[in-house]
Amino acid sequence: MPELRKDPIVDEWVIIATERGKRPSDFRIQIQPRTQTSCVFCAGHEQETPPEVHLVPPVNGQSEGAPWAVRVVPNKFPALQASGAVHTQAEGLGRLVSGVGIHEVIIETPAHARDLSELSVPSVAAVLATYRHRLRTLGADPRLAYALIFKNQGRGAGASLEHAHSQLIGLPLTPPLIKKELQAARAHYHAHQRCIYCDYLHQEVPGPRLVAQTDGFVALTPYAARFPFEMWVLPRFHQHDFARITDTQTTELAGLLKDVLQRLCTVLGNPPFNYILHTAPFARPQPGHWTTLEQDYHWHLEITPRLSRTAGFEIGSGLRINPTPPEEAAQALREAA
């Protein structure tokens with residue numbers, strides 16, 4: 001029987017449409033060959049991008065002969081303008097904020113034909129350490145309230161280039177979805193003096209939605225999964241800010257992330273997906289910026305395969321329809337070689 005499930009963190013409902021009974025084989029995507037052998041993100045094409053703002057040298061000699069392992073460059077077509085001051089003003093019932101911010105591309109490897117899941121664990125760790133570095137660096141910019149790091153893999157997930165990369169957008173405000181999580185986390189802490197995500201992990205691990213785990217990290221399908229085969233990756237220890245992750249933790253997380261992305265490919269055939277890093281906003285003393293206590297929030301990575309389309313019901317109601325129960329998705333992912 002179909003179920004309506006309420007997300008335990010934010011006040012959102014999802015329909016788990018069990019009658020549709022979509023199995024992994026129903027979603028399996030035929031792997032398409034790459035249409036290019038090189039692009040502007042490849043080694044040797046550095047002059048075709050804006051000058052890098054950060055560069056990671058070769059990792060353990062695994063850099064495909066290039067002088068770098070990870071490069072960070074400004075986006076050629078940024079969503080926000082890097083220069084200028086932030087101004088806000090009311091416009092009738094609306095509010096306008098000047099479009100000032102940072103938009104960067106994180107080129108994850110010099111090799112054109114390698115996805116993140118195909119890199120070595122040290123190379124994946126270098127990508128995660130780059131995220132940490134950019135968060136620490138941009139946190140010093142007083143114009144920014146938040147930086148969202150995300151990855152679009154495959155054209156079905158919004159990627160315009162095949163080469164493995166992720167992006168960062170630094171914003172002068174805290175995004176609405178992040179604010180909802182922060183508000184829910186703060187309310188739970190005030191009521192129980194505990195982190196809501198830590199309580200959620202205590203409830204879920206071990207359990208039918210667990211996909212994989214290490215000593216320090218957990219991957220699971222959320223109780224009210226919005227998308228088929230959606231996964232969350234969370235630290236088992238309490239930590240509100242990804243910028244505080246250590247080198248040792250980065251390496252451990254890299255191993256788990258590589259593992260679960262390979263499981264997705266095994267079960268679904270290299271599907272398009274997005275992942276988004278939800279972390280604490282930058283600490284700002286001035287009014288108008290959200291502040292969080294260290295015990296309030298818990299950073300996490302959300303992985304969302306793009307296997308179904310948003311249609312009229314979802315747009316009109318705000319309710320998602322997921323045809324694959326998260327328990328069945330977790331079982332398939334656990335059993336993947």
Output all residues satisfying side chain to side chain donor-acceptor pair (under 3.5 Å) with Lys151, sequence neighbours left out; order by chain, then residue number.
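Counting only residues at least two positions away or on another chain, Lys151 forms a side chain to side chain donor-acceptor pair (under 3.5 Å) with Glu108.
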Is there a side-chain contact between [X] and [Y] in this structure, where contact means two heavy atoms from C-beta onward sitting under 4.5 Å apart?
X: Tyr275; Y: Val233; answer: no
X: Val70; Y: Glu52; answer: no
X: Leu161; Y: Val105; answer: no

Compute both the distance and the angle, then confirm whether Arg209 meets the cation-pi test with Tyr223: under 6.0 Å from the six-membered ring centre, within 45 degrees of the axis.
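Cation-pi check for Arg209 and Tyr223: fails.
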Distance (rounded to the nearest 0.5 Å) between [X] [atom1] and [Y] [atom2]:
X: Leu333; Y: Gln331; atom1: CG; atom2: CD; answer: 10.0 Å
X: Phe242; Y: Leu128; atom1: CZ; atom2: CG; answer: 5.0 Å
X: Leu210; Y: Leu220; atom1: CG; atom2: CG; answer: 7.0 Å

In terms of ring plane angle, is the pair His54 and His133 parallel, tilted or perpendicular, where the classes change at 30° and 60°?
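The rings of His54 and His133 lie parallel, inter-plane angle below 30°.
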Which label fits His300 and Trp232: parallel for a plane angle under 30°, tilted from 30 to 60°, or perpendicular past 60°?
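Tilted: the ring planes of His300 and Trp232 meet at 30° to 60°.
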Any side-chain donor paired with an acceptor under 3.5 Å for Ser123 and Arg114?
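No - no donor-acceptor pair under 3.5 Å links their side chains.
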Ignoring hydrogens and geometry beyond distance, is a side-chain donor-acceptor pair present between His238 and Gln295 at under 3.5 Å?
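Looking only at side-chain atoms, Gln295 and His238 do not form any donor-acceptor pair under 3.5 Å.
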Applying salt bridge (Lys or Arg N to Asp or Glu O under 4.0 Å), name anything that partners Glu46, two or more places apart in sequence or on another chain.
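By the salt bridge (Lys or Arg N to Asp or Glu O under 4.0 Å) rule, Glu46 matches no residue at all.
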Thr310: what forms a side chain to side chain contact (heavy atoms under 4.5 Å, CB included) with it, not counting sequence neighbours?
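Only Glu314, Ile315, Arg320 meet the side chain to side chain contact (heavy atoms under 4.5 Å, CB included) criterion with Thr310.
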Option passing side chain to side chain donor-acceptor pair (under 3.5 Å) with Asp296 (candidates His240, His188, Arg186, His190):
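Single pass found, and it is Arg186.
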Does Gln193 CD have over 12 foreign heavy atoms under 6.0 Å away?
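Buried by this count: over 12 neighbours within 6.0 Å.
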